[in-house]
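Numbers restart at 1 for each chain; the letters A, B, ... are given by sequence-line order, proteins then strands.
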4 protein chains.
Amino acid sequence: MELFGTAGVRGPARTDVTPSLALRLGRAAAVDGAEFVIGRDGRETGAALAAAIESGLQSGGADAIRVGRVSTPALAYASRGRRGIMVTASHNPPADNGLKFFVDGTEYDRRAERDLESRVRSDSPPVPWNEWGDRAELATIEAYRDAVSAYVADEAGTCEGVRVAVDCGNGTSGLTTPQVLRGLDARVATLNANVDGHFPGRESKPTAESLADLRAFVDDGPFDLGIGHDGDGDRIVVVDADGEVVHEDTVLAVIAERYTETSDASDPVVVTTPNASGRIDERVEAAGGRVERVRLGGLHEGIAAANAEGTDDTAVAFAAEPWKHTHTRFGPWIDATVSAALLTAMIADRGLPALLEPITERPYRKTNVECPDEHKPAVMSRLESLLPDAFPEADAETEHGVRLTFPDGSWVLVRPSGTEPYVRIYAESNRVDDLTRAATETVEDALSDVSEGRGRA
Amino acid sequence: MELFGTAGVRGPARTDVTPSLALRLGRAAAVDGAEFVIGRDGRETGAALAAAIESGLQSGGADAIRVGRVSTPALAYASRGRRGIMVTASHNPPADNGLKFFVDGTEYDRRAERDLESRVRSDSPPVPWNEWGDRAELATIEAYRDAVSAYVADEAGTCEGVRVAVDCGNGTSGLTTPQVLRGLDARVATLNANVDGHFPGRESKPTAESLADLRAFVDDGPFDLGIGHDGDGDRIVVVDADGEVVHEDTVLAVIAERYTETSDASDPVVVTTPNASGRIDERVEAAGGRVERVRLGGLHEGIAAANAEGTDDTAVAFAAEPWKHTHTRFGPWIDATVSAALLTAMIADRGLPALLEPITERPYRKTNVECPDEHKPAVMSRLESLLPDAFPEADAETEHGVRLTFPDGSWVLVRPSGTEPYVRIYAESNRVDDLTRAATETVEDALSDVSEGRGRA
Amino acid sequence: MELFGTAGVRGPARTDVTPSLALRLGRAAAVDGAEFVIGRDGRETGAALAAAIESGLQSGGADAIRVGRVSTPALAYASRGRRGIMVTASHNPPADNGLKFFVDGTEYDRRAERDLESRVRSDSPPVPWNEWGDRAELATIEAYRDAVSAYVADEAGTCEGVRVAVDCGNGTSGLTTPQVLRGLDARVATLNANVDGHFPGRESKPTAESLADLRAFVDDGPFDLGIGHDGDGDRIVVVDADGEVVHEDTVLAVIAERYTETSDASDPVVVTTPNASGRIDERVEAAGGRVERVRLGGLHEGIAAANAEGTDDTAVAFAAEPWKHTHTRFGPWIDATVSAALLTAMIADRGLPALLEPITERPYRKTNVECPDEHKPAVMSRLESLLPDAFPEADAETEHGVRLTFPDGSWVLVRPSGTEPYVRIYAESNRVDDLTRAATETVEDALSDVSEGRGRA
Amino acid sequence: MELFGTAGVRGPARTDVTPSLALRLGRAAAVDGAEFVIGRDGRETGAALAAAIESGLQSGGADAIRVGRVSTPALAYASRGRRGIMVTASHNPPADNGLKFFVDGTEYDRRAERDLESRVRSDSPPVPWNEWGDRAELATIEAYRDAVSAYVADEAGTCEGVRVAVDCGNGTSGLTTPQVLRGLDARVATLNANVDGHFPGRESKPTAESLADLRAFVDDGPFDLGIGHDGDGDRIVVVDADGEVVHEDTVLAVIAERYTETSDASDPVVVTTPNASGRIDERVEAAGGRVERVRLGGLHEGIAAANAEGTDDTAVAFAAEPWKHTHTRFGPWIDATVSAALLTAMIADRGLPALLEPITERPYRKTNVECPDEHKPAVMSRLESLLPDAFPEADAETEHGVRLTFPDGSWVLVRPSGTEPYVRIYAESNRVDDLTRAATETVEDALSDVSEGRGRA
């Protein structure tokens, strides 16, 4: 049984993420801590799964505190000083559900997930009757909203004068983002801000297509920007006043630059993933910081590593993968409501166009080359020398695949897929076609070498 | 002290509708019944006023059941079999608040309001300590939604296939209308469905101007209709697929016709106010019923009177003034969520254009003639003979002012204003200018007669 | 798997009545109805089991309404018009727990239990995601107390002037009996009225021994009576002013006489079990009614049968087994709080000694004769003729074993044990030794006949 | 208007401590802080008063958190880090109610009360609508019980093996003391542990007379001690195994000695009032500490003063007046549940007789000498020299009246009454009659001097 995927436990509630599984996971999790908050997004199956978790936690000896419908960031906030479980399938269809585990604001890492999984497999019985945990109910959303408002007001001032349209997609961000923005004096109109587990307003995943209504609404109306969230409020998409989606890497670069500028550290670090755009590096470096790249899904480990290796001077100022931002000064979780409020406050100060103006957006392409799983290690090993040879003008890094950075900011990343029989090539450049073609040929050369046994020798 | 205006107690919460007043009103109301539900809309001052009412009711000997944030129709529904108090200032600005009193689903009539007022004036002390009432909390909104869904499904089927955009204006209809429509299988997108007492999305009163966002949204998008509500969810405005507001009398006529058609009574009656359009009469009469007109604000008395006078055959099928509909089969309160769902279900069946097609919309005008208050009785008395003389082709009624109905459906209504030194003239006709001019001259003649002492003789 | 014993599902919460089982039972029960109330006594494991049931019900498609800590009678009351599940192991030790199922106030009968059991075995999956049930919380105890108070006041007036000590044994009757008695104007002191699942004050089962504290308290103090309850408030023991336990059959007889006297029926029936004392028959017959006996645990079926067979005249006035009373006028469940209040009101009127005075208490004995299970049918068949022959002066009934009633009210009951290899002999008589000896010899004769193959022939 | 007496605001709820007053007090208190917890004891009028306070706080701009029925110590605990208001009339009759105000665990001092009073008089209007406070509900009792259990277990270990009977007098200590004792492994039986605002079990004030039931119960039963509380759980009376009340000063001395022994300070101080027994000094001094006396009702000021004047070495180890104990290590409020648990744990260790054995209980007498209010200052001034002259063998202190301490531990205190025309004489000594007579004569001499104008010269 492999319960945890890249985003916690997730699947159809009727067959996979059932109350029985939730009960066993709750029981197994109780070993981890004395007190858990349990939240859920708006899905129809959420309350029953939360009740099963509650029962599992209690019979495993932990106290269970039900916090009701919340966004994932709000649950993470409430998990500070204890543990938390969020019942959500993020932007999956309404028939799905899932569980995310938090300790003191941080999502469980792979090791904690594997420990939990092995305890679920052993399926231990309840603790003795006089050690079962208590239950309580707690309203936490107001405290979260107040904390976000205070944080953003302190970081970037109010949102006064900005007209913003927020499409919550019937997710639980409808309980946080519009209220925080309004409290910071933005003028807020909302789309689909009623929490509804059927997701009647639009597909839960915010994309250029699913946000068509928002984009038209912003384009037609007197709005300075539009904001779209996913079902549990940890993902943000930004739309400009013309209804065009702002590229996720551009949003990331704008916030990364800001945090680098305002960092107290002499050597501020922004942590991101290898496939994120070079425009992030440009803005961070322009602001006097540097970018560290970690494997996909490994942001939290990256933060821990960067903080651990460094002196006080190398505090992580910001950590993000596209659409998902961890505001390290506020807390160690992904928080799209903070992103929404911070961006809007920055726009109140300078306007969105001024924020976007310095960002260089180069053409981007992603390509696959077929490569059997068994050849991947040798191919990648071979490419560590072939690629630098093929692009002598570029700086090469080999920590997460091979990444080549060119003097003009262009870049190429070659890495093996973790799930499919491919080597993937990412490139961002004004001559993206040329770079992609050259890189592809090099990968094919490496693959020939390996399959014909020439290896590295 | 004149507490109750045309819409219950209403005014600024800081100076007029204060917690002290709410406490005294609660104490005074406790004499009326043993158990009250207390609801509130989303205003910032609502919770404190509700707490004061609770304290007043309890110390007056009644039980207080807090139902939290609800729409006014949902509170009225919850008041069946007991009494209820709704804390709302409807579509007033956010600094205002107010109170509406219900008994068994029906809003207090003038007499009950006056009784309450006189008890507030006498300001009686608490009852003996061992007779103070209890308190409880109750979630009622789900039961209300289920009841509306079941009622509309039974009356008109589902809303399957209809695409509808609902602008709740940050009012408490955001807790009911989108959910009911979705439950009836409509495809629902929402604007401003997050309940927020600051009314950030738009002015709380739904008008063609305040609904500009909704109208653009519907016009641009793939919607069959748009629906706008006020702050507490008892008022409805309908927008067609082109973003145009459908005239409130036309909406009323469409629903009135429907209820007349489906009535079991041999002589179904629709109750409305004198200034409502003749198109209502046309549709009701076409469906085999008749219209009774009552004074403005007097709908409930009108229903009671019509039901009392009649045999079983004259049951009131529907009662409404513009924007405010009482679905008598469902209950004796104004309910815009039922209107929204019923109309959408009718559209699912036939389409909005087909519903509107038979309605004749004639030009409408409203004019004032200055007239001192002291002359009003004599002037109106004089007009009861002058106006029928001036328009011999029309049928004349004199119950609520003088109303003239012409063979082609045109009509003129002349009545004294209750609050200002005017006689008002309403006319709806394809020759509205001619009729208004002629009626104005007749009114001026009557005024001359009276002021020169010619009187009626 | 045999889940249901004579008192619902019951056993150690850690190994038998686990959250997993509760989840499956909830899922299986959801087929029975659309809405369930879930209550629990004060046991430490109760909340977790209730949460599991809630999850099971919801994922099975039913709505779950949590009512928190209540007595079993209060849960039964709340189950009217819907269904209910009570989490309780009654007077078992604190490590145990259990479940009782109700429909419209009546505990599930054997058939309903077997249906449920077979659905648990088949362990059906959750219903589709959009059919999962809702959850709610509801405070019901106040309404129950009010209903009991109103019922008893109407039946027997207030308890004014009576001084009563109630030992709730830390069970959930601490939430009902003292409050109801005080509300009826009794002067109430309590022992162990704090609900505590550790049962610190005394063993949960109320017996002469476990009530030693109460008995001394009543004997020493200015009390007219003492009342003891079990852990979930469906069992009552009465103590007189001298601290002596009043025999459970005597209590039953006093109440049975009262209900017979006040019955509107021309032929009022009291339903009880075969082992209940003949003093019941005496008092019921003196009051103009008659007693029907049904198998142990079969009271509800007995009520149904008696009501079904009869005309309007044969309404069941009361139904009880020792310690457990069903006040049929109030509702079809066992209710010790009603018993407590009714008795106290009767004492307020006449005093306890006057109530007990007419009751004849004869010596009682219970004996076992060993008998292999396989011989039981033949032995009982044989006894149907041997016993009447041996006691020609007695009337014999053979419906539930063989019961012999003598002209002076003495009686002997012979029946096979349902769980052990015995034939049981019960006798109540001033010559109880003689009757028991003679009956024992007859049973042994029958057993000899059968084991030697003489059978009935 | 003099709202605050010696114990906060207190009086009949119908005429004095009305919802109107509570609303005004809440409004006035809101100026003091941003967030208040509101608790109440079990009185029938408590919920309505709490609702009025809530409304007042919110409309004054503060957040109101309702914590429901709690003991006063539990409310004080919940007020840490914010403010709190307790609705209770302590041991007054059920028709009364009252309010106590807390800041960060400490009851308001006279100055804070006077400030509040003057704001109530000025009766300020609500704050602007968008500054009204929020409301929330919070369950706090469990956290309080856990904190007390952990504190006592750490201070004195468990209560294992001790058999204790607790009479909660239907007060809110029924929610805390039995549970804490049971959690610490005592064997607990309870009297009147059901919270009931009618106080049906006994008079709310615990005295030798009102605890007659408890005393008989403990005497008859297998108990090591009995504990009695008042209506809101801040007062404790201890009963020994024979049912005799242990003198309140003896209880105080036992706990004072303990805290002195276990203090980390080199100069531990116990703060008490002038009328408290010399046996306290004996035990505290035997343990290496010293006693500071402050005016009646001035404990908190005394703690503050002692802590302020001193170095780290003079931390206050304990502060108490008879029946009311402030466990300064746990928190700055009076807490009878901590006293109950601590004493029981000490008994588990050593037995009650061993704790009482070292205490010298001397006869005690209190006498009044008539003295007009206008003469009091001169008389007391005169006594500052006359009394030391009359008792040269005693040490004299003149801070709170004149207190004479004799070498054998006897003492005499002479002080003017604050409310009546008396000078009061307290004496505790084996020759109490002699000392009282001699002191009385000296007081009469002083009075003669003053009334005859001899003054001090």
Side-chain angles (χ1 to χ4, degrees), chain B residues 11-24 26-27 30 38 40 43-64 66 68 87 89 92-97 123-137 196-199, chain D residues 11-24 26-27 30 38 40 43-64 66 68 87 89 92-97 123-137 196-199:
Chain B
R14 197 181 185 192
T15 53
D16 293 12
V17 186
T18 60
S20 300
L21 178 63
L23 174 58
R24 292 170 68 191
R27 177 87 50 74
I38 308 171
R40 55 187 169 99
R43 286 162 200 273
E44 295 285 304
T45 59
L49 292 174
I53 293 166
E54 175 186 329
S55 187
L57 286 171
Q58 289 187 269
S59 57
D63 293 341
R66 294 280 291 269
V87 181
N92 280 33
D96 283 8
N97 218 327
D123 197 18
S124 52
V127 297
W129 70 271
N130 54 357
E131 295 173 14
W132 290 32
D134 295 318
R135 81 179 301 273
E137 307 211 344
D196 190 324
H198 290 252
F199 302 119
Chain D
R14 198 181 186 191
T15 53
D16 293 12
V17 186
T18 61
S20 299
L21 178 63
L23 173 58
R24 292 169 67 191
R27 178 86 51 74
I38 308 171
R40 56 185 169 99
R43 286 163 200 272
E44 295 285 304
T45 59
L49 291 174
I53 293 166
E54 174 186 332
S55 186
L57 286 171
Q58 289 188 270
S59 58
D63 292 340
R66 294 280 292 267
V87 182
N92 279 33
D96 283 9
N97 218 328
D123 197 19
S124 54
V127 299
W129 70 272
N130 53 356
E131 296 173 12
W132 290 32
D134 295 318
R135 81 180 301 274
E137 307 210 344
D196 190 324
H198 290 252
F199 303 120

Would you name the heavy atoms of D/A48 and B/S55 that are closest together and state the gap between them?
O-OG, 2.6 Å
Checking D/S20 against B/L23 for the side chain to side chain contact (heavy atoms under 4.5 Å, CB included) test, could you report, in this order, the C-alpha distance in whole Å, the side-chain angles of both residues, the deciding distance, and whether it holds?
CA-CA 8 Å; D/S20 299; B/L23 174 58; 3.7 Å; yes
Output the option from D/V127, D/D96, D/I53 having the highest count of non-hydrogen pairs under 4.5 Å with chain B.
D/V127
Out of B/A64, B/G133, B/P128, return the one with the most heavy atom pairs under 4.5 angstrom to chain D.
B/P128
By the salt bridge (charged side-chain N to carboxylate O under 4.0 Å, His left out) test, which pairs, at least two apart or in different chains, include something from residues 46-64 of chain D?
D/E54-D/R66, D/E54-D/R135
Looking at every heavy atom in both B/W132 and D/P19, which two are closest together, and how far apart are they?
CH2-CD, 3.7 Å
Examine distances only and state if a side-chain atom of B/R14 and a backbone atom of D/W129 form a donor-acceptor pair shorter than 3.5 Å.
no
Applying a strict 4.5 Å limit to non-hydrogen atoms, the region of B/R43 in contact with chain D is neither
Tell me, for B/E137 versus chain D, whether the close heavy atoms (under 4.5 Å) come from the side chain, the backbone, both or neither.
side chain
If I measure from the heavy atoms of chain D, does B/P12 come under 4.5 Å with its side chain, its backbone, both, or neither?
neither
Let me confirm one number: the OG1-CD distance from B/T45 to D/E131, rounded to the nearest 0.5 Å.
13.0 Å
